[in-house]
Amino acid sequence: MTAPVQETTTQDTKLVLALPKGRILKAAAPLLAGAGILPASDCLDEGSRRLRFPTDDPTLDVVRVRSFDVATFVAFGGAQLGICGADVLMEFDYPEIYAPLDLRIGACRVSVARPKGQGEGDNPARWSRVRVATKYPAITRRHFAARGINADIVHLHGAMELAPVLDLSHLIVDLVDTGSTLRANGLEETETIATVTSRLIVNRTALKTQPERIGALIARFRQALAAPATAETLPA
């Protein structure tokens, strides 16, 4: 008996673009508009409980997920494209992901910080082991291993600045923008591990199997980046 033929639905044939929640999503909004991608109005509404949104392009949906999850959605094929911070790409280093464009938004840095004034005169070159609180265990281990230091990781997902104060760790490695949160909690940056911006990322298999569709979207983002600033983005 022949197996029944399953009909392919419009939902199945759509491409999916994964977007990060929060400040990067807001920063990406003008870029999406420049690329001709207009999601449903509640996509930018933090109060919306929806996670998947249609766009003005009937062949493209967007999903809104945690910034740390964008790369995983794209790597495993849940989304074919995404906007993702370079910090996340460094942490997970998925071979399934291709990052063709630096979108030049969400600029910040991954930095080492410690309580202000602590360890003055202490030479890190003499350390053999250090305890570090971070949500970036892979980046942190690689960074200290390159200096011959064994990093014992205290894996936290937030409130990193409390860890040295409460003797959970000697240092923290965290994403830093203005540094105001560090200063407010008595910490200071001691080293920048990497500067970070957001990238357009693509699932490599999807690019091979749908090169025209995905290539066209990459081209639209490239054109948006090359376009001169609009009146809305120019300083007053």
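In this structure, Arg50 places its CZ atom where more than 12 heavy-atom neighbours from other residues, nucleotides or ligands lie under 6.0 Å away.
Taking the side chain as every heavy atom from C-beta outward, Gln210 and Leu15 approach each other to under 4.5 Å. Taking 4.5 Å as the limit, some side-chain heavy atom of Pro20 sits within range of a side-chain heavy atom of Val70. Contact check for Val202 versus Ile218: side-chain heavy atoms found under the 4.5 Å cut-off. The closest side-chain heavy-atom distance from Asn203 to Tyr98 is not below 4.5 Å. Side-chain contact between Asp174 and Lys135 is present, with heavy atoms from C-beta onward closer than 4.5 Å. Inter-residue side-chain proximity for Leu182 and Glu188 is flagged as unmet; no heavy-atom pair is nearer than 4.5 Å.
When the side chains of ILVMFWY residues are joined at heavy-atom separations under 4.5 Å, either directly or via intervening members, Ile97 and Val62 end up in two distinct hydrophobic clusters. Cluster annotation: Met160 is not connected to Val196 through the hydrophobic network of ILVMFWY side chains, with a link wherever side-chain heavy atoms come within less than 4.5 Å. Ile24 and Val88 fall into different hydrophobic clusters, where Ile, Leu, Val, Met, Phe, Trp and Tyr side chains are chained together by heavy-atom contacts under 4.5 Å. A continuous path of Ile, Leu, Val, Met, Phe, Trp and Tyr side chains, each step under 4.5 Å between heavy atoms, connects Leu200 with Leu19, placing both in one hydrophobic cluster. Note: the hydrophobic cluster containing Leu17 also contains Leu101 (ILVMFWY, side chain heavy atoms under 4.5 Å, direct or indirect links).
Atom CZ in Arg142 sits 12.5 Å away from atom CZ in Arg147 (nearest 0.5 Å). For the atom pair CD1 (Ile172) and CG (Leu156), the distance works out to 9.5 Å, reported to the nearest 0.5 Å. Rounding to the nearest 0.5 angstrom, the gap separating the CD atom in Glu161 from the CG atom in Leu187 is 6.5 Å. Once rounded to the nearest 0.5 Å, the distance linking OG1 of Thr140 with CD1 of Ile193 reads 5.5 Å. Distance OG1/Thr190 to CZ/Arg114: 6.0 Å, rounded to 0.5 Å. Ile83 CD1 to Leu31 CG: the interatomic distance, rounded to the nearest 0.5 Å, is 6.0 Å.
Ring orientation note: the planes of Phe92 and Tyr94 are close to parallel, at an angle under 30° on the 30°/60° scale.
Considering all non-hydrogen atoms of both residues, Glu96 and Ala75 come closest at CB-O, 3.6 Å. When all heavy atoms of Asp61 and Lys14 are compared, the closest pair comes out as OD1-NZ, 3.1 Å. Counting all heavy atoms, side chain and backbone alike, Glu91 lies closest to Ala138 at OE2-N, 2.9 Å. The two residues Leu60 and Thr55 have their closest heavy-atom pair at O-OG1, 2.8 Å. Closest approach of Pro39 to Ile37, counting heavy atoms only: CD-O, 3.4 Å.
A salt bridge links Glu189 and Arg109; the closest N-O separation between the charged side-chain nitrogens and carboxylate oxygens is under 4.0 Å.
With hydrogens and angles ignored, the 3.5 Å screen pairs no side-chain donor or acceptor of Ser111 with any backbone N or O of Thr192.
For an aromatic pair to be called close, the ring centres must be under 6.0 Å apart, and Tyr136 with Phe68 satisfies this.
The one candidate from Arg131, Arg141, Arg129 that meets the side-chain hydrogen bond (donor to acceptor under 3.5 Å, both in side chains) condition with Asp152 is Arg129.
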